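The chain is numbered in sequence order, starting from 1. Both ligands and their constituent atoms are indexed starting at 1 by order of listing. Predicted model, so just to flag it, every value in this text is computed and none were measured.
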Amino acid sequence: MSEASEGQVDTVMVEQRLFEPSEDFSRQARIKSMEDYQQLYDRAASDPEAFWAEQAREHLHWFTPFTQTLQWDNPLAKWFIGGTTNACYNCVDAHVAAGRGDQLAILWEGEPGDQRQLTYRQLQEEVSRFAGALKQLGTQPGDVVSIYMPMTPELAIAMLACARIGAVHSVIFAGFSAEAIADRNNDAGAKIQLTSDGLHRRGKVLPLKETVDQALAKSPTVEKCVVLRRVGNDAPMQSGRDHWWHELVDSVEADCPAEPMDSEAPLFILYTSGSTGKPKGIRHTTAGYNLYAKRTFQWVFDHRPDDVYWCTADCGWITGHSYIVYGPLAAGATVLMYEGAPNHPAEDRFWEIVEKYRVTILYTAPTAIRAFIKWGDEHVDGHDLSSLRLLGSVGEGINPEAWMWYHTKIGGGRCPIVDTWWQTETGGIMMSPLPGAIATKPGSCTKPLPGIRPRIVGEDGQNVPQGRGGMLCIDHPWPGMLRGIWGDEQRYQEQYWSKVPGMYLTGDNARQDSDGYYWIMGRIDDVINVSGHRLSTIEVESALVSHPAVAEAAVVGKPDEIKGQAIAAFVTLRTDPNEELRQGLKLHVRQEIGALAQPDDIRFTAALPKTRSGKIMRRLLRDIASGKEQTGDTSTLEDFSVLAKLRDDEE
Ligand code: PRX
C-alpha cells in the first residue's frame, strides 16, 4: 500500500462476489440490460437539460408549461422556470383524472394491528378536505406548517395537503424532544403545528400532545395547532389555539383544488443534524424535486402497477418524503405504511407484515438488517416471503455480510438488492443498481443514475486515480438537489460549494473499482489516519461484521504517539464476550484486510450510539475512545443511556 497523497484514501477491501440479475427479472424490467442503462445514461449525460426537460414534460402535470429548463448561477439552481405545477396534484389528482381512482394508494397497519386502506380517490378526498381545513385556519401559500405526527395515513395526508395549497411543510420525526421541535419551529418561523394525541410505540402510548405543548410554549410564531385523535387519551387542548383534526375536516367542503405553484416554490424544509448544534433546514422546491423523486423511484424500484411497495422509513426522514410520499405516489404505486416498531409484539413483525400484505418490494436500512441478524433467523423462518421480488437498502453503507444475509435469508437468493446512495440534500437516489440491468456487488451502490455525474477528487480538486478513495462530488446540478439551507444561504455556499470549486461536495468519501462501480467509504470527517495511511471506516467495520460472532461494529481513530492514529473498534456481539474473542477479532481483521487495519482496541458493548434514524454516531465514539469530554451536539442521539453506559465502561 503506498503513502496516500492529500485527500486520498486507501482501500483495503476485497469483494469479488458479483450477482447478475436473473433473466426472468431482466425480461420484465423497465430497463433490461447494461446496454439499456448505458444508453439512457449517455443520453442524459450528453445533454442533461434536454434530457430533464423531456422527463419533466412527460412525467409531471403542468398548469402552465415551463419556458426555460435550467438557470444555473452556481450554486443557485432553478429548474423548469416559468412553469406551474402542484406536487399534490401529481401524486393524487393526476391518477384519479387518468381513471385510476380505484387503485390502492395507501395500505396501512397500526402497531396494535389496526388496518386501513385508501384508494387514490379516497386519498384525494381526504387530502382535499384537510387542505380546506388548513386554509380555514388561515394558512397561506408560503406559510410553514410544522408536522410532528405518528406514521399514520394522516401524516402523508398532512404533507400532501400542504403541497396542495402551497404551504411549506417541516416534518419533525415524532421521537424528537420538545426542545428540538421548538428549535426547528423557530428556525423555520412555523405558523401552524400538526400533531396527534399520542402514538403507539412498542406497546406503550407516548403522549405527543404534551411534548408539543412544551415546544409551543417556546415557539412564539406558531398560532394554531391541529390534533389528530390516534390513541384516544385526554390530550390537553388549549382553547382558541388547538383544534381536533376530525372536527375541522367535518366543518369544511371536500372540494379544495390543487393550486398551481411555481416550479421553484418551496415544497418543504427538512432538518438534518449538522456537526454544530444549529439545526440545518434543507430546502427543497416543487417541480424538480417531485420529478426526481418520481423518476428515480420508477428506475430503481422497477415499479409495476401490481406491486405492493413497502418502505420502512418514517416520514420524518428524507427517505419517507421521497420514497413513501412524493416518489411512489407520483408513480401511482400502492404504498404500505407501518406505524410501529420492528420488534413489537415480537421480532418477526416485519416478516408477518410482508406475508400478510404480499409485499413485493421492501426498502429498509442496514441498521434494521443488522438487528434482524442479531435477533436470529428463527424469527424469519416460518414466514412466507415468496411475494418479495426486490429488496432495497438506504441510510448507511451495508456491510457485505449483512448484504449476503438480506440476499439469502430475506430474498431467498432470487431478489436483486438495490443499495441506494443519496442524502437529504440530494432529494432522491443518486447511485444505485437498476435491478434488471446492473449486476450487483455486496457493499457497492454500483452506478450513478441517469443525469448524475459523480466525481472523486483529492484535496487539489483533481480526479484521484481509479481504485483510490477521495471526496465524492457531483459536477452538474440535478432537478432534485437542495436549493439552500433555510435562512442561511452562506452556510449553503460554504458547506457544499466551496471546498471543490464548481462542484457539489457530498461530504462522503468514495472509490471506483476497475468495473467503474462506486463504493462509499464513509464520511470525510471519519477517515482514520494510521501511519500516513488514510483508512475508511466502512471497510474496517465490514471486516469485523464478516466475523460470525459480530452483529455490529463502529471504528474510529484515537490519538497515538507513534502511528498518528490508532484504530478503536466498538463491537456488539451475537454471542457472549470473552478475551479470546477479542484477540480473535483482531486477527480476523488482519487476515481479511491486513495488519495496518488491525484494531488496537476492541470494546464490546451492548449497543452503539445512533441517531434517531439509525446511523452510528462515530463522532461521539471518537470522543470516548480518546477520553475526551463530549463537546458536539447530541440532540439527535436516539438513546442517551447508550452513551452513558459507554462512558461508565471507560471509568
Ligand atoms: O454518508 C452517507 C450515508 O448517509 C448520508 C446521508 O444521510 P441522510 O441525509 O440522513 O440521508 C439518508 C437517506 C438517504 C450519506 O452522505 N448513506 C446513505 N445511503 C448510503 C450511505 N452510505 C453508504 N451507502 C448508502 N447506500
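- In this structure, K615 is part of the shell of residues with a heavy atom less than 4.0 angstrom from ligand 1.
- Look at D187 and K280 and you find no salt bridge, because none of the NZ, NE, NH1 or NH2 atoms lies under 4.0 Å from a carboxylate O.
- For the pair E541 (side chain) and V555 (backbone), a donor-acceptor distance under 3.5 Å is present.
- A salt bridge links R389 and D307; the closest N-O separation between the charged side-chain nitrogens and carboxylate oxygens is under 4.0 Å.
- Ligand 1 has an N or O atom lying under 3.5 Å from an N or O atom of D508, backbone or side chain.
- Contact analysis leaves T272 out of contact with ligand 1, as no non-hydrogen atom separation drops below 4.0 angstrom.
- Only the backbone of E396 comes within contact range of ligand 1, with a heavy atom under 4.0 Å; no side-chain atom does.
- The shortest contact between atom 6 (C) of ligand 1 and any protein heavy atom is with W422 O, 3.6 Å.
- Residue T312 holds its OG1 atom at 11.0 Å from OH of Y338, rounded to the nearest 0.5 Å.
- For the ligand labelled ligand 1, residue G395 lies inside the 4.0 Å heavy-atom shell.
- Taking the charged nitrogens against the carboxylate oxygens, R612 and D314 have no contact shorter than 4.0 Å, which rules out a salt bridge.
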Worksheet item: Are W497 and N74 close enough, and set up right, to give a side-chain hydrogen bond (donor to acceptor under 3.5 Å, both in side chains), and what steps lead you there?
Response: CA-CA 8 Å; W497 298 95; N74 186 342; 5.8 Å; no

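- Heavy atoms of T424 found under 4.0 angstrom from ligand 1 belong to the backbone as well as the side chain.
- With a 6.0 Å cutoff to the six-membered ring centre and a 45° limit on the axis angle, K441 counts as a cation-pi contact of Y517.
- Atom numbering of ligand 1 starts at 1 in the shown order; those under 4.0 Å from a heavy atom of T319 are 13 (C).
- Ligand 1 places these atoms under 4.0 Å from at least one heavy atom of V394: 13 (C), 14 (C).
- Closest protein heavy atom to atom 23 (C) of ligand 1: G397 N, 3.1 Å.
- Listed by number with element, the atoms of ligand 1 under 4.0 Å from a non-hydrogen atom of R523 are 1 (O), 16 (O).
- In terms of polar-atom proximity, defined here as any N/O pair under 3.5 Å, T420 does make such a contact with ligand 1.
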Discussion item. I'd like to know whether T11 forms a side-chain hydrogen bond (donor to acceptor under 3.5 Å, both in side chains) with E539, so could you lay out the CA-CA distance, the side-chain angles of the two residues, the decisive distance to 0.1 Å, and finally the verdict.
Written reply: CA-CA 8 Å; T11 180; E539 295 191 344; 2.7 Å; yes

